[in-house]
2 protein chains.
Amino acid sequence: MSRSEELKTIGLKVTTPRLRILNLFETSPRRHLSAEEVYRQLTADGVDIGLATVYRVLTQFEQAGLLERHHFEGDRAVFELRRAGHHDHLVCLQCGRVEEFYDEAIERRQDQVAADRGFAVVDHQLYLYAECRTPNCPHRHRDAPA
Amino acid sequence: MSRSEELKTIGLKVTTPRLRILNLFETSPRRHLSAEEVYRQLTADGVDIGLATVYRVLTQFEQAGLLERHHFEGDRAVFELRRAGHHDHLVCLQCGRVEEFYDEAIERRQDQVAADRGFAVVDHQLYLYAECRTPNCPHRHRDAPA
DNA sequence: GTATATGCAAAACTTTTGCATCCTT
DNA sequence: AAGGATGCAAAAGTTTTGCATATAC
């Protein structure tokens, strides 16, 4: 499905800001972006776009299931393209890099824990904050931009 | 250990705002409180305190390991007394109530997942967002104050 | 008495909203 | 042509900071 079709499918008109934002998430090496980062990147790419539009589009994409919103540590939300499979996140405390993982056993236990209490899991967020054990870890400090 | 001793242990002077905030977390039926909620509750109790002080003290308590900071869904952070055992959170999507749980199998798998990737888990956050399956769930809507 | 803590006000930062204009269909 | 989308500016909400005063030790 093309990007334009993808937008139409979710009932949104095909506009430049929406296409550029979608394109950014699909091509950026950084998979987790804040609204501010999206705005700065597109502006740097010469796109005439307002920060308010970025916020509106990100929220729309989230509601349509195209993006996932995360609240890692810190104030601002970051967004990520919702690809085929669900996954959780491991955040490196040295460099801030985010690794993704999926563990079937953890998923099953979550459902079980909820069921034991009379609940059914609708969604979940699991973040592991961890230190790299690799000798001479080449990662930059977490505050460094990527 | 008394509350005063607890404060001295972490290198903070024993002041009224700090004692009242600590006392609030130790006695409140609501275990998860935002800065604004702490401020409103203490003000209602007749304590003369500023919102800025609440933020400062909460941050100090977090750094001292007395409180844990959470970013559930939404913008503002909530704080919780760090009691004996670690636990994770199950948030009811009907009423916003937070249930706590601890699952040894999940904890073990988290360590394993990180180890497989060359990391050691320092901290983690796991939130389950779930729907109550109890017939005639008596819970209020999630926006209702508790 | 000295260093720390506080309250208030102002600032900084993130996100949302009002509105006139522009664009998609 | 009509309704939705955009950009800008202003507003709203959360958290931090500057500073004079007050408090703990």
Side-chain angles (χ1 to χ4, degrees), chain A residues 2-22 24 32-64 66-67 69-79 143 145, chain B residues 2-22 24 32-64 66-67 69-79 143 145:
Chain A
S2 79
R3 286 166 191 157
S4 295
E5 289 169 333
E6 208 162 1
L7 290 178
K8 284 177 185 164
T9 298
I10 59 181
L12 297 176
K13 288 186 175 172
V14 179
T15 65
T16 302
R18 287 181 181 143
L19 284 174
R20 297 303 295 254
I21 290 175
L22 193 50
L24 178 59
H32 304 84
L33 302 170
S34 68
E36 178 73 23
E37 287 168 333
V38 169
Y39 172 70
R40 283 213 309 269
Q41 184 61 55
L42 291 182
T43 298
D45 291 349
V47 181
D48 180 25
I49 194 173
L51 184 55
T53 298
V54 172
Y55 274 103
R56 278 187 288 238
V57 171
L58 290 177
T59 300
Q60 289 163 344
F61 283 4
E62 183 201 11
Q63 286 167 354
L66 246 56
L67 295 178
R69 183 193 300 255
H70 298 288
H71 291 92
F72 294 147
E73 291 179 324
D75 298 329
R76 53 177 170 228
V78 298
F79 295 81
D143 289 335
Chain B
S2 77
R3 286 166 190 158
S4 294
E5 289 169 333
E6 208 162 0
L7 290 178
K8 284 178 185 164
T9 299
I10 60 180
L12 296 177
K13 288 186 176 175
V14 179
T15 66
T16 302
R18 286 180 181 147
L19 284 174
R20 297 303 296 255
I21 289 175
L22 192 50
L24 178 59
H32 305 84
L33 302 170
S34 69
E36 178 74 23
E37 287 168 335
V38 169
Y39 172 71
R40 282 213 310 269
Q41 183 62 53
L42 291 182
T43 299
D45 292 350
V47 182
D48 180 24
I49 194 173
L51 184 54
T53 299
V54 172
Y55 273 102
R56 278 187 288 237
V57 171
L58 290 177
T59 299
Q60 289 163 342
F61 283 4
E62 183 200 10
Q63 285 167 353
L66 246 55
L67 295 179
R69 183 192 301 253
H70 297 289
H71 290 93
F72 293 147
E73 292 181 322
D75 299 328
R76 54 174 167 231
V78 298
F79 295 82
D143 289 333

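Bear in mind the structure is a predicted one, so any value in this text is a computation, not a measurement. Note on naming: letters A, B, ... go to the chains in the order of the sequence lines (proteins, then strands), and numbering restarts at 1 for each one. Note that these values count all heavy atoms, side chains included, but never hydrogens, waters or copies made by symmetry.
When distances are taken from the side chain of Ala77(B) to each of dG7(C), dT15(D), dT16(D), the shortest belongs to dT15(D). Out of dT17(C), dA3(C), dT25(C), the shortest distance to the side chain of Lys13(A) is found at dT25(C). In this structure, of dT25(C), dT6(D), dA5(C), it is dT6(D) that holds the atom nearest to the side chain of Val57(A). Closest to the side chain of Asp48(A), out of dG7(D), dG3(D), dT15(D), is dG7(D). Taking the side chain of Arg76(B) as heavy atoms from C-beta on, and the options dT14(D), dG3(D), dT17(D), the nearest nucleotide is dT14(D).
When every heavy atom of Leu12(A) is checked against every heavy atom of Phe61(A), the shortest pair comes out as CD1-CE1, 4.0 Å. Nearest heavy-atom pair, Ile49(A) versus Pro17(A), reported as atom, atom and distance to 0.1 Å: CD1-CB, 3.8 Å. Between Lys13(A) and Leu7(A), the shortest heavy-atom contact is O-CD1, 4.4 Å. A pairwise comparison of heavy atoms in Val54(B) and Ile21(B) identifies CA-CD1, 4.1 Å as the closest pair.
Here dC13(C) presents its C1' atom at 13 Å from CZ of Arg40(A), a figure rounded to the nearest Å. Taking atom CD on Gln63(A) and atom C1' on dT16(C), their separation rounds to 13 Å, with Å as the unit. One atom, CG of Leu7(A), and another, C1' of dT24(C), lie 12 Å apart when rounded to the nearest Å. One atom, CG of Leu58(A), and another, P of dA5(D), lie 15 Å apart when rounded to the nearest Å. Counting to the nearest Å, the P atom of dT14(C) and the CD atom of Glu37(A) are 10 Å from each other. Atom CG of Leu12(B) is separated from atom P of dT23(D) by 19 Å (rounded to the nearest Å). Rounded to an integer number of Å, the gap from OH of Tyr39(B) to C1' of dT14(D) is 14 Å. To the nearest angstrom, C1' of dG7(C) lies 17 Å from CZ of Arg20(B).
Residue order along DNA chain D, read from the 5' end via each residue's closest nucleotide, puts Leu51(B) first among Thr15(B) and Leu51(B). Each of Arg69(B) and Lys8(B) was assigned the nucleotide of DNA chain D with the nearest heavy atom; the assignment lying further toward the 5' end belongs to Arg69(B).
Using a 4.0 Å cut-off, some side-chain N or O of Thr53(A) falls inside it from OP1 or OP2 of dG7(D). A sub-4.0 Å separation between OP1 or OP2 of dT16(D) and a side-chain N or O of Tyr55(B) is absent.
Residue Ile49(B) is classed as a sugar-phosphate contact, given heavy-atom separations below 4.0 Å to backbone atoms only. Contact annotation for Arg18(B): backbone-only contact, meaning every heavy-atom pair under 4.0 Å involves sugar-phosphate atoms and none involves a base.
Taking 3.5 Å as the limit, the base of dG4(D) and the side chain of Arg56(A) contain no donor-acceptor pair of atoms between them.
Taking 4.5 Å as the limit, every side-chain heavy atom of Arg18(B) sits out of range of all side-chain heavy atoms of Leu22(B).
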